[in-house]
2 protein chains.
Amino acid sequence: MEIGKILYPHVSVDCVLLGFSENEFKVLLTHIDDREIEKTRKLPGSLIYKNEDLDEAAQRILTESTGVKKVALKQFKCFGSPKRTENEKDVKWLEKTTDVKADRIITVAYLSLCKLNTRLLALEKNQTVSWCSIDELPNLPFDHEQIVVEAIREVRNWVDQDNSIVFEFLPAKFTALDLRRVYEAIYNKVYDVRNFKKKMKSLEYIVPLEEKQQNVAHRAAQYFRFDRVKYNKLHSSLNY
Amino acid sequence: MEIGKILYPHVSVDCVLLGFSENEFKVLLTHIDDREIEKTRKLPGSLIYKNEDLDEAAQRILTESTGVKKVALKQFKCFGSPKRTENEKDVKWLEKTTDVKADRIITVAYLSLCKLNTRLLALEKNQTVSWCSIDELPNLPFDHEQIVVEAIREVRNWVDQDNSIVFEFLPAKFTALDLRRVYEAIYNKVYDVRNFKKKMKSLEYIVPLEEKQQNVAHRAAQYFRFDRVKYNKLHSSLNY
DNA sequence: GCAAAAGTGTTCCCTGTACACCCATGC
DNA sequence: GCATGGGTGTACAGGGAACACTTTTGC
């Protein structure tokens, strides 16, 4: 957190940053590493500044924890139960790190998706963050577990509204299998290879590349890329 | 607002209560009627109490302004721009009615749908609320106009996730036309009469009744009712 | 040769959509 | 009689789903 700005101690923003690797979603957790408090992890998040917009705060938090500047970011729910700060350990940590006397805090949760490239994976080496499989979440402070659960549900919702965000999970070039695995994870079902490929072929904005995989222990797969411009042309509309 | 409870002056809840009549959506506005302040209208809403959950607060606000106890209620977005309280007139009103010194207020917006029955329409006579066509909104304080606009968008989203909520707009018995008009308003397009009817017939949970319209200046239409139990059976699932 | 994944077409069914005429009722 | 909405069926097209075998590559 930057110094010299005044915190607004009643509202925080928490970010669920999801990546996809090894056929499952991973969520970014930051480490709380304080000698007086038992080692634990939490969602990246912070109190907002007195004059900071919520979207700005979410962007700031993501940048602080990953270095990423521009990402698709979606506010998905506000969590405001008075009970969310009833665990003393959580509050103690909060007051220690922020120097703020916290009674009740409403938090606004954001969802963001990313490709787990080498740079983002390398963040783990600093030991300040880790990518945690959503099936093996540790105990999290406050209501962060609930926030993650609702975020996963929200991914599907988001894709329903805008297919193009699935490509946030993928690198610039990807194979049909890569895309299929993402869809299978999101909708929790398996897709027929041929039907899936046929569907891909019918979508102009999924552009096949000449390039193929190299050094794979099987027939090399073709790469594709997502064409944002073509996508936007197809989905621009005067209705809403 | 009840007396004796302590307000939490940093977070408020605003409710967009939508009804449907005369082929359009109406939103409930409450009247600010203070001699020192020019007469104006706003969304029903209030600061939350110190120990009150957000959902509870939304329910309380709806009950206070309409008497309605149990309604489908959906949190849909949190509005937290520091600029939303920059209009002095709005702030002056707020401080006068709540006796709270307000700097910045984050508001959590809720959406709710209702049938405009005679009791709800009669509320207008008390002059404390009015049902306002969403195409003819007056100037609203804070960012209430934006909240209404986003609420309308959210209705479609909600129906996409759960068809059954369209019946919130309709009385217990309704005609095919009634239902069609609601759909047309939500999706902003016209539906073919025969195709729509065919679709209705295919849905088990829309149950035709013996009863017909009376005293209408045309052939009497059949009534239908929505069967919640059948609907839930069809949509219960172990997946999510 | 074997393991692993790529690539490839056809058939069927279901759903959505387009489309036009007569009927009942109140005024 | 006229205005208003109610009620009805068919035909076509497009999209989703089911389904199996051969090919390429590294080891």
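Worth knowing before you read on, the calculation uses all heavy atoms, side chains too, and leaves out hydrogens, waters and symmetry mates.
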Next item on the list: List the steps and the verdict of ring-ring contact (aromatic ring centres under 6.0 Å, His included) for A:Phe142 and A:Phe79.
Entry: CA-CA 10 Å; A:Phe142 305 109; A:Phe79 293 79; over 10 Å; no
How many Å lie between [atom1] on [X] and [atom2] on [N], as a whole number?
X: A:Lys212; N: D:dG26; atom1: NZ; atom2: C1'; result: 16 Å
X: A:Phe196; N: D:dG15; atom1: CZ; atom2: P; result: 17 Å
X: B:His218; N: D:dG5; atom1: NE2; atom2: P; result: 6 Å
X: B:Gln214; N: C:dT25; atom1: CD; atom2: C1'; result: 12 Å
X: B:Arg181; N: D:dT4; atom1: CZ; atom2: P; result: 13 Å
X: B:Gln213; N: D:dT4; atom1: CD; atom2: C1'; result: 11 Å
X: A:Arg219; N: C:dG7; atom1: CZ; atom2: C1'; result: 5 Å
X: B:Arg180; N: D:dT4; atom1: CZ; atom2: C1'; result: 13 Å

Is the backbone of [Y] close enough, under 3.5 Å, to the side chain of [X] for a donor and an acceptor to pair up by distance?
X: A:Ser112; Y: A:Ala72; value: yes
X: A:Gln222; Y: A:Lys212; value: no
X: B:Arg119; Y: B:Thr66; value: yes
X: B:Asp227; Y: B:Lys230; value: yes

Margin query: Regarding A:Ala220, tell me which of base, sugar-phosphate or nothing describes its non-hydrogen contacts under 4.0 Å with the strands shown.
Written below: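 It contacts sugar-phosphate atoms only.
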Notebook entry, point to check: Just checking A:Gln222: base, sugar-phosphate only, or nothing, at a heavy-atom cut-off of under 4.0 Å?
Noted result: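 Answer is sugar-phosphate: A:Gln222 comes under 4.0 Å of backbone atoms only.
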Mind listing the N/O atom pairs, protein and nucleotides 8-15 of chain C, below 3.5 Å?
residue, atom, partner, partner atom, Å
C:dT10, O4, A:Lys198, NZ, 3.1

Margin query: Check this for me, if you would: do A:Glu24 and A:Lys26 make a salt bridge, where the nitrogen-to-carboxylate-oxygen distance has to be below 4.0 angstrom?
Written below: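 Yes, charged N to carboxylate O under 4.0 Å.
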Next item on the list: Answer yes or no: is there an ion pair linking A:Arg60 with A:Glu56, defined by an N-O contact shorter than 4.0 Å?
Entry: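 Salt bridge between A:Arg60 and A:Glu56, a charged N being under 4.0 Å from a carboxylate O: no.
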Checklist line | A:Tyr191 or A:Asn215, whichever maps to the more 5' nucleotide of DNA chain D | finding: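 It is A:Tyr191 whose nearest nucleotide is closer to the 5' end.
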